[in-house]
Amino acid sequence: MIESFIKTWGIALCTAALLAGLLSAAAPDGPLARSLKYILGLYVLLAAITPFIGADSVLNAEASDLFEVDTSGVDAAYDDSVLRGSEAVIEENLQAALAVYGLDAQADVIISMDDARNIYCNRAILYITHGDSARAAEIARAQLGIEPEIIRR
């Protein structure tokens with residue numbers, strides 16, 4: 001009986017530590033990271049001590065109820081960070097592709113993410129200062145798969 005208890009406790013503690021480590025590694029840097037690490041530390045601590053607390057304790061609930069953490073704010077912040085970073089990379093790549101053809105343009109790209117976390121390019125604006133607008137539009141269509149809006153400066 002004691003061997004089964006120790007084995008179950010060890011598995012639960014290792015699982016909690018691994019889960020906390022994975023969530024901590026996947027969390028974006030920023031103001032929420034410190035709070036998340038604090039919560040995950042408490043999660044591992046509670047996973048370690050819960051088996052030793054009496055049956056009449058309020059902490060003796062189901063594990064899924066005890067350690068339920070709302071990560072929707074973290075997910076939204078991470079998704080936003082991915083989108084903004086992706087927009088910057090797409091804009092830089094498009095501007096570099098235009099520069100190869102001697103087109104001086106600034107790109108402004110707007111992308112979004114659906115529920116399945118697929119990223120889509122919604123809108124592209126090219127601010128052309130020098131070069132052929134039609135050629136710039138053709139390059140942008142080939143790169144992005146959408147019709148860009150062209151604004152001459």
Apply the test side chain to side chain contact (heavy atoms under 4.5 Å, CB included) to residues C121 and I90: give CA-CA distance (whole Å), side-chain angles for both, the deciding distance (0.1 Å), then the verdict. CA-CA 10 Å; C121 185; I90 292 168; 5.6 Å; no
Under 3.5 Å, sequence neighbours excluded: what are the donor-acceptor pairs made by side chains of residues 98-111?
residue : atom : partner : partner atom : Å
D104    : OD2  : T129    : OG1          : 2.7
Q106    : OE1  : R153    : NH1          : 3.4

Looking at S24 and A20, would you say the former's side chain and the latter's main chain have a donor-acceptor pair under 3.5 Å? no
Which residues pass the salt bridge (Lys or Arg N to Asp or Glu O under 4.0 Å) test with E91, not counting sequence neighbours? none
Residues which pass salt bridge (Lys or Arg N to Asp or Glu O under 4.0 Å) with D132, listed by chain and number, not counting sequence neighbours: none
Cluster companions of I151 among Ile, Leu, Val, Met, Phe, Trp, Tyr (side-chain spacing under 4.5 Å): I125, Y127
Under 4.5 Å between side-chain heavy atoms, hopping through other hydrophobics if needed: is there a path connecting L94 to I119? yes
What closest approach, in Å, do L13 and A47 show between heavy atoms, and which atom pair accounts for it? CD1-C, 4.3 Å
Are L19 and Y43 close enough that some pair of their side-chain heavy atoms sits under 4.5 Å apart? yes
To the nearest 0.5 Å, tell me how far E87 CD sits from L83 CG. 6.5 Å
Listing, residues 140-148 side-chain donor-acceptor contacts under 3.5 Å, not counting sequence neighbours, or none:
residue : atom : partner : partner atom : Å
R141    : NH1  : E147    : OE1          : 3.1
R141    : NH1  : E147    : OE2          : 2.9

Answer yes or no: is there a donor N or O on one side and an acceptor on the other, between the side chain of S81 and the main chain of A77, under 3.5 Å? no
When hydrophobic residues are tied together by side-chain contacts of less than 4.5 Å, even through go-betweens, does Y78 share a cluster with M113? yes
In short, salt bridge (charged side-chain N to carboxylate O under 4.0 Å, His left out) pairs touching residues 116-126 with sequence neighbours left out are D79-R117, R123-E149
Smallest separation among heavy atoms of A16 and V44, with atom names: O-CG2, 3.8 Å
Compare every heavy atom of L126 with every heavy atom of A136, then report the nearest pair and how far apart it is. O-CD1, 3.7 Å
